[in-house]
Peer 1: 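Pasting a structure below so you can have a look.
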Amino acid sequence: MSKFTLTRKEAAEFCSVSLPTLDSYLRRRDNPLPSIRAGRKWIIPVEGLRQWLLDEAARQAGA
């Protein structure tokens with residue numbers, strides 16, 4: 001069974017970016033990375049992350 005959610009570290013590895021870069025995506029006011037805050041922990045849905053990556057790539061290609 002594949003995972004439904006990722007940790008910050010796993011999401012950073014999935015996106016091939018550093019943890020500070022991923023954190024900046026989580027804190028953005030415009031188009032933040034989809035996530036759920038559970039206490040001090042961030043939970044990132046895999047499907048939300050995939051869709052966000054596609055949308056972000058399309059947005060930047062059109063810029």
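Residue numbers start at 1 and run along the sequence shown.
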Peer 1: List in chain and number order the residues that pass salt bridge (charged side-chain N to carboxylate O under 4.0 Å, His left out) with Asp23, two or more places apart in sequence or in another chain; answer none if no residue qualifies.
Peer 2: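 Counting only residues at least two positions away or on another chain, Asp23 forms a salt bridge (charged side-chain N to carboxylate O under 4.0 Å, His left out) with Arg8.
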Peer 1: May I have the step-by-step check of side chain to side chain contact (heavy atoms under 4.5 Å, CB included) for Phe14 and Leu53, ending in yes or no?
Peer 2: CA-CA 11 Å; Phe14 182 87; Leu53 286 168; 3.8 Å; yes
Peer 1: Go through Phe4 and Val46 one step at a time and tell me if the side chain to side chain contact (heavy atoms under 4.5 Å, CB included) criterion holds.
Peer 2: CA-CA 6 Å; Phe4 184 71; Val46 173; 5.9 Å; no
Peer 1: Tell me which pairs pass salt bridge (Lys or Arg N to Asp or Glu O under 4.0 Å) where either residue lies in residues 31-49, with sequence neighbours left out.
Peer 2: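 Salt bridge (Lys or Arg N to Asp or Glu O under 4.0 Å) check on residues 31-49 returns Glu47-Arg50.
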Peer 1: What are the two closest non-hydrogen atoms of Pro34 and Gly48, and how far apart are they?
Peer 2: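 Looks like CG-O, 3.5 Å.
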Peer 1: Identify, with sequence neighbours excluded, every residue that meets side chain to side chain donor-acceptor pair (under 3.5 Å) alongside Ser24.
Peer 2: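 Ser24 satisfies side chain to side chain donor-acceptor pair (under 3.5 Å) with no residue once adjacent residues are dropped.
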Peer 1: Of the non-hydrogen atoms in Ile44 and Ala11, which two are nearest, and what is the gap between them?
Peer 2: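 So the two residues come closest at CD1-CB, 3.6 Å.
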Peer 1: Hey, does Leu49 have a side-chain heavy atom less than 4.5 Å from the side chain of Cys15?
Peer 2: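 Side-chain contact under 4.5 Å: yes.
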Peer 1: Please find the pair of heavy atoms, one from Trp52 and one from Asn31, that lie closest to each other, and give the distance.
Peer 2: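 Trp52 and Asn31 have their closest heavy atoms at NE1-O, 3.0 Å.
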Peer 1: Which residues pass the side chain to side chain donor-acceptor pair (under 3.5 Å) test with Glu10, not counting sequence neighbours?
Peer 2: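 Checked Glu10 against side chain to side chain donor-acceptor pair (under 3.5 Å); matches are Lys3, Thr7.
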Peer 1: Restricting to side chain to side chain donor-acceptor pair (under 3.5 Å), what partner residues turn up for Arg28, sequence neighbours left out?
Peer 2: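 Side chain to side chain donor-acceptor pair (under 3.5 Å) list for Arg28, sorted by chain: Glu56.
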Peer 1: With clusters built from Ile, Leu, Val, Met, Phe, Trp and Tyr whose side-chain heavy atoms come within less than 4.5 Å, directly or transitively, what are the remaining members of the cluster of Ile36, listed by chain and number?
Peer 2: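 Ile43, listed by chain and number.
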Peer 1: I need the Trp42 CH2 to Leu6 CG distance, nearest 0.5 Å.
Peer 2: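 Here the interatomic distance stands at 14.5 Å.
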